[in-house]
Undergrad: 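Handing you this structure, nothing more for now.
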There are 2 protein chains.
Amino acid sequence: MSAPVPNATHAPALRSWVKSANAPGAEFPIQNLPFAVFSSTTGSLHPPRCGVGIGDQILDVGACADLMGDALARAAADACRAPSLNDLMRLGQPAASALRHRLSQLLAAGSEARDAVAAALIPLSQAELHLPVRIGGYTDFYASVHHATNVGRLMRPDNPLLPNYKYVPIGYNGRASSVRVSGEPVRRPRGQTKGPGEAAPTFGPSLRLDYEVELGLYIGAPSMRDEAIPVGSAWDHVFGFSLLNDWSARDIQSWEYQPLGPFLSKSFATTVSPWVVTADALIPFRVPAAHREAADPQPLPYLFSSTDQESGGVHVMLEASLCTRRMAQLGLPAMRLSRSTSAGLYWTFGQMVAHHTSNGCALDTGDLLGSGTVSGEAEGAQGALLELTAGGSRPLHLEATGEQRSFLEDGDEVTLSGRCEREGFVSIGFGECRAAILPAHGASASEPTHAR
Amino acid sequence: MSAPVPNATHAPALRSWVKSANAPGAEFPIQNLPFAVFSSTTGSLHPPRCGVGIGDQILDVGACADLMGDALARAAADACRAPSLNDLMRLGQPAASALRHRLSQLLAAGSEARDAVAAALIPLSQAELHLPVRIGGYTDFYASVHHATNVGRLMRPDNPLLPNYKYVPIGYNGRASSVRVSGEPVRRPRGQTKGPGEAAPTFGPSLRLDYEVELGLYIGAPSMRDEAIPVGSAWDHVFGFSLLNDWSARDIQSWEYQPLGPFLSKSFATTVSPWVVTADALIPFRVPAAHREAADPQPLPYLFSSTDQESGGVHVMLEASLCTRRMAQLGLPAMRLSRSTSAGLYWTFGQMVAHHTSNGCALDTGDLLGSGTVSGEAEGAQGALLELTAGGSRPLHLEATGEQRSFLEDGDEVTLSGRCEREGFVSIGFGECRAAILPAHGASASEPTHAR
C-alpha cells in the first residue's frame, strides 16, 4: 500500500453548478463533500437522513440513489436513507469512494443530471443537523507531545513527560453516551474537588471548567475480535473526521484521576461537529508523520510502516474561539484563543488504530477515536485553557470587554473550527463545533461558579 | 424510602412444581428466578429470547404472556420476546417486580396453570445461553478497599492507599464491546511491556495475565442527562447483578496506565455470567454498608443516605477456581483460589450509581457497572492472582498436579461462582462465569508465554 494520491475529485479546476460552493473560502466546495445527518425544518417533515454538504446546501443523498449508476455507489446511496451514517460507514472505503466519485460528477458544472440533483438540495439554513453517528465506543488519545508536556509540566515541573509517552500512544476509554452534537449546551458539572490547602474535598460546581481542541476519527469498516489492524492498513478502516471538544473539569480531574485515570471530569459532555469530512477528501492534506527528535526511540515494529511515516499525518488547522456573554450582548465577534495543526501530533491516526487493536480489541463501525488536545509549541498554539493560562495562574485578558478568563464561566460559548489548506489545492473546512456553558444544576448563591 | 423487606416471593416455605428447583443447594430455586437470554439447541429453532431459570430448566417467559393477568406483568412478559433483556429492563423496577411476582405464582407448587407453563420450559441442557444484555456503557469501579490496598502495596509499600480513595468511589470507563458471555474463550493479549531492568519496552504476548473476581450491576430504568441520581433512589435504577471477570494483563497495565489509566491491559476481554439475578431476589441478602474505621471520613452528603448505610450492601459470596490443562487431562476437579464477599465493599452500589451520575452523566438501560475486584482481608480472600501471589513473587502451588502459578498460562480455565446464603432463607446462586485462555495469536516459539 503506497501513499494515497489526490484524484479527479480533488482537481482544483473542478467547480460545481451549486454557485455557493465556488465562493472563495467556502467550507464545502465540491472537493470536500462532507457527510452529515439532517432533517428539514420547513416544508415536508421527514425523519433524519444522511446528506452531503455542498456550498450552503445539503444534498439528500438517498433521494439521488437512482442516479448512481454503478452498484457499489448505489448501495452506498441507499445506506444514506438511514438516520445515522453507520450503515454507509459499515460498507467500507471502496463504497464510500464510489459514492464520492459519483456525487462529484453529479454536482460538477456541466452535470447531465443537474435538474434531478437540484430537486434533492436543501438550504442549510432550513436544515437541522443531528449527531451524525451512532457511537458505540469512544476512545480518547493523548497524541500531542506538546500538550502532554505542557500538562505534565504543571504537575511535575522537572519531569514533565512520563517515560512511556514516546513508546505508547496513550489513550483511555471515554463515555460514548455523553457525546453530543454541536449546538447543544453543556451544563457545568458538579463534583468532588480538593484545593491545594484544603484538608478534605467538597462537592459542588466545577470551578476549573475547560475545553480541549481535538480531531475525532470515525471507524468505517470494523475489525474482528482478536484481529490486530496493521498500521499500514489502518486507513482502510477510517471513514472520516470531525471536530471534537473534550470538555474537562480540571479540578475534578486532578482529585479523581489516580490511579485509574479521568472519569467524571470528562464524562459529563463531549461535543462533536455535525460534519464528517471523509478520508478521501483529506488525501491532499496528508503529510509525513511528525518529526521525531534524534534522541527519540523509533516506533516499535507494530507501530511502524514506511507508508505511515511518509503520509500518515493529516494537516488540519484547528482554531478555538470564545464568545463571552458580555461579548455577545455587545455584539462583538468571538475572540480566537488558539490555532494549531494536527500535523504536529506525535502519533499518527494509523498508529492509534494499530495500537488500539494490538491486544485484540475490536473496533466497530461508528467508534470514535479522539486525537487528544492538539497543541503546538508556538505561542497561542495551545488547545486548552489549562495550557494557555498555565493552570489558571496567568488569566487571559479579553481586550474587547476587559474581562479575564482562567477557566470557562457560565454563558461562555466555545467554538472550534478546522480548515485544510495546501498550495495548488482548493481548501476545505470542517464546519463548527460549538457549545455554550449553562450554570450547574442547583448552584446556589453560596456556591461560586467563577473560575478560580 | 426504607430498607427493602423480603416478601412472599422469598418465603422459605415456597416450593416449585419444578422438582429440580427444590433440591438442596439448587442455584435456581423459586426464590431466585434469574433472567438469561437463550436459544434452544434442539427441536424447533428460534431466535434468542429472554427466559427465567428454575431448577435445571429455563422458562420461555414470552410464551407465558397470556398467563400474566395484570397489565404491567403482561408488558414485562411481552418484552421478554426480544433477543436481549434491555426491553424488559427499560420498563423499570415496578414492571420487573410484577413479572417476578406472577412468575413465582405460576411456578409455585399448586399453580393452576402448571400445564401451560410446563409447555414453555426447556431443559438447560438443551439451551444455549447468550450475552444477556446489549451493553452501551461499561464502567468498572474499585470499591474493595482491601483490593486497592493490596495492589497499592505492591507499587507503594509505605503508602498503599491513595488520599482520594476514602472520598471518591474510584472508577473508569471500560470497553463495552469487549464484554462477552461465559464460555467464550479469551485469547492472551499482546502488548507493550517493560520489565524492571529493561531499557526499552518490547511487544509480545502478555506474561502476567490475570483474572479479577467482580460483581456486575445492570442498569434498568435509565437516568436523564444532567440528572444526578440520589444515593437513596439508586436501587430504583438497578435491574440486577451478574458475575464479572475483568481479565487484566498486569505487565501491559503497569507500563501503560500513567497518566490516563488502564486501557489495552483490560480492553481485550471481560467475561460476564449469562444469568442476571434480580435486585428483588437479592432483597433478603441486603446488609448494612461496610463498616468504616473511626478515622475514616464520613461519605460526602451526595454519597450518604441512612437507608443506604443500613441496607446498601449486598452479601454475595464469590469464588474463583482454576482448572489447568493438566488438571483437565487428569480428570481432576478445579481448585478453588479465593472466596470473598461483596458485603465488604467500601462503597455500596448505591454510592457508585450516585457518584457516576453526580456530574450529570446519564446512565442508560443495559449499562454495566463492575464492582472492581472483590477482595477481603483474610487469607484466600483475594480476588486476583496479583494479590494471591504478591505480584507473582509467591507462586501458588497446585497440589493436585504439582504445578505452580504466578499468573495464568495457556489452557487454564477460570470459573467464578456466586451464592447468597442467610439463616432462615433459601440460598440462591449466580450460575457460573467461565473462560479458558487461548494462546496469543502469532506467538512463536521464541516468545515465551509462560508467566514470569
Side-chain angles (χ1 to χ4, degrees), chain A residues 136-140 142 151-152 155 162-164 167-168 170-178 180 187 189-192 194 200-203 206 225-228 249 252 255-265 267-269 297 300-302 355-356 358-364 367 441, chain B residues 136-140 142 151-152 155 162-164 167-168 170-178 180 187 189-192 194 200-203 206 225-228 249 252 255-265 267-269 297 300-302 355-356 358-364 367 441:
Chain A
Y138 163 41
T139 302
D140 204 19
Y142 197 54
V151 171
M155 294 190 285
L162 290 166
N164 57 10
Y167 293 98
V168 182
I170 295 286
Y172 72 102
N173 303 300
R175 177 85 189 169
S177 71
S178 294
R180 63 197 68 186
R187 191 167 292 285
R190 295 161 65 86
Q192 279 194 41
K194 182 174 166 297
T202 53
F203 182 82
S206 168
R225 201 170 265 180
D226 294 343
E227 174 200 353
I252 299 174
W255 174 234
E256 76 170 359
Y257 89 105
Q258 289 284 13
L260 301 185
F263 179 42
L264 299 186
S265 54
S267 65
F268 61 97
L300 290 180
Y302 80 102
H355 183 66
H356 202 311
S358 65
N359 69 343
C361 177
L363 284 175
D364 197 11
D367 281 353
H441 260 314
Chain B
Y138 162 41
T139 301
D140 204 19
Y142 196 55
V151 171
M155 292 190 284
L162 291 166
N164 57 7
Y167 293 97
V168 181
I170 296 285
Y172 72 102
N173 302 301
R175 177 85 189 168
S177 71
S178 293
R180 63 196 69 186
R187 191 167 292 284
R190 295 160 65 86
Q192 279 195 39
K194 181 172 167 298
T202 52
F203 183 81
S206 168
R225 203 170 264 181
D226 293 344
E227 174 199 353
I252 298 174
W255 173 235
E256 77 170 356
Y257 90 105
Q258 289 285 13
L260 300 185
F263 178 43
L264 299 186
S265 54
S267 66
F268 61 97
L300 290 180
Y302 81 101
H355 184 65
H356 202 311
S358 65
N359 69 342
C361 176
L363 284 174
D364 196 10
D367 281 354
H441 261 314

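Here is the naming used below: chain letters follow the sequence lines, and residue numbers restart at 1 for every chain.
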Undergrad: Pick from A:A249, A:S267, A:G191, A:A269: which one has the most heavy-atom pairs with chain B under 4.5 Å?
TA: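 Most heavy-atom pairs under 4.5 Å with chain B: A:S267.
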Undergrad: Could you check whether the rings of B:F263 and A:H355 sit parallel, tilted or perpendicular, using 30° and 60° as the cut-offs?
TA: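 Ring orientation, 0 to 90° scale: tilted.
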Undergrad: As an exercise: rank B:T202, B:V168, B:L363, B:D364 by heavy-atom pairs under 4.5 Å with chain A and give me the winner.
TA: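 Ranked by contacts with chain A, first place is B:V168.
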Undergrad: So which part of A:L260 gets closer than 4.5 Å to some heavy atom of chain B, the side chain, the backbone, both or neither?
TA: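 Both backbone and side chain.
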Undergrad: Flag the one option from B:R225, B:M155, B:R187 with the top tally of heavy-atom pairs under 4.5 Å to chain A.
TA: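 Highest number of heavy-atom pairs under 4.5 Å: B:R225.
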Undergrad: Working to the nearest 0.5 Å, report the span between OH of B:Y302 and CZ of A:R190.
TA: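 CZ of A:R190 is found 10.5 Å from OH of B:Y302.
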Undergrad: Is A:P201 close to chain B through its backbone or its side chain, or both, or neither, when contacts mean heavy atoms under 4.5 Å?
TA: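 Contact with chain B is through both the backbone and side chain of A:P201.
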Undergrad: Looking at side-chain heavy atoms only, is the closest gap between B:T139 and A:R175 below 4.5 Å?
TA: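 Of all side-chain heavy-atom pairs linking A:R175 with B:T139, at least one is under 4.5 Å.
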Undergrad: When only pairs under 4.5 Å are counted, which of A:Y167, A:Y138, A:Y142 shares the most heavy-atom pairs with chain B?
TA: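 Ranked by heavy-atom pairs under 4.5 Å with chain B, first place is A:Y167.
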Undergrad: Could you tell me the separation between the CG atom of A:L264 and the SG atom of B:C361, rounded to the nearest 0.5 Å?
TA: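 Going from CG on A:L264 over to SG on B:C361, the span is 7.5 Å.
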Undergrad: Among A:V151, A:D367, A:D140, A:I252, who wins on heavy-atom pairs under 4.5 Å with chain B?
TA: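 Among the listed options, the one with the most contacts to chain B is A:D367.
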Undergrad: Donor-acceptor pair, distance only, cut-off 3.5 Å: does the side chain of B:N359 make one with the backbone of A:P189?
TA: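 Checking the backbone N and O of A:P189 against the side chain of B:N359, no donor-acceptor pair under 3.5 Å is found.
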Undergrad: Taking side chain as everything from C-beta outward and backbone as N, CA, C, O, which of these in B:A176 sits under 4.5 Å from a heavy atom of chain A? Side chain, backbone, both or neither.
TA: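 For B:A176, neither part sits under 4.5 Å from chain A.
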Undergrad: Quick one: does any side-chain atom of B:Q258 pair with a main-chain N or O of A:L162 as donor and acceptor, under 3.5 Å?
TA: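 Checking the backbone N and O of A:L162 against the side chain of B:Q258, no donor-acceptor pair under 3.5 Å is found.
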Undergrad: Report the option among A:S178, A:A362, A:G171 that has the most heavy-atom pairs separated by less than 4.5 Å from atoms of chain B.
TA: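 Ranked by heavy-atom pairs under 4.5 Å with chain B, first place is A:G171.
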Undergrad: Looking at side-chain heavy atoms only, is the closest gap between A:P259 and B:Y257 below 4.5 Å?
TA: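 With C-beta onward as the side chain, the pair touches.
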Undergrad: I'd like to verify something: which residue of A:G174, A:P163, A:P297 has the highest number of heavy-atom pairs under 4.5 Å with chain B?
TA: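 Counting heavy-atom pairs under 4.5 Å, the top option is A:G174.
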Undergrad: Most heavy-atom pairs under 4.5 angstrom with chain A, which of B:G360, B:G152, B:A228, B:P262?
TA: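 When all of B:G360, B:G152, B:A228, B:P262 are compared, B:P262 has the most.
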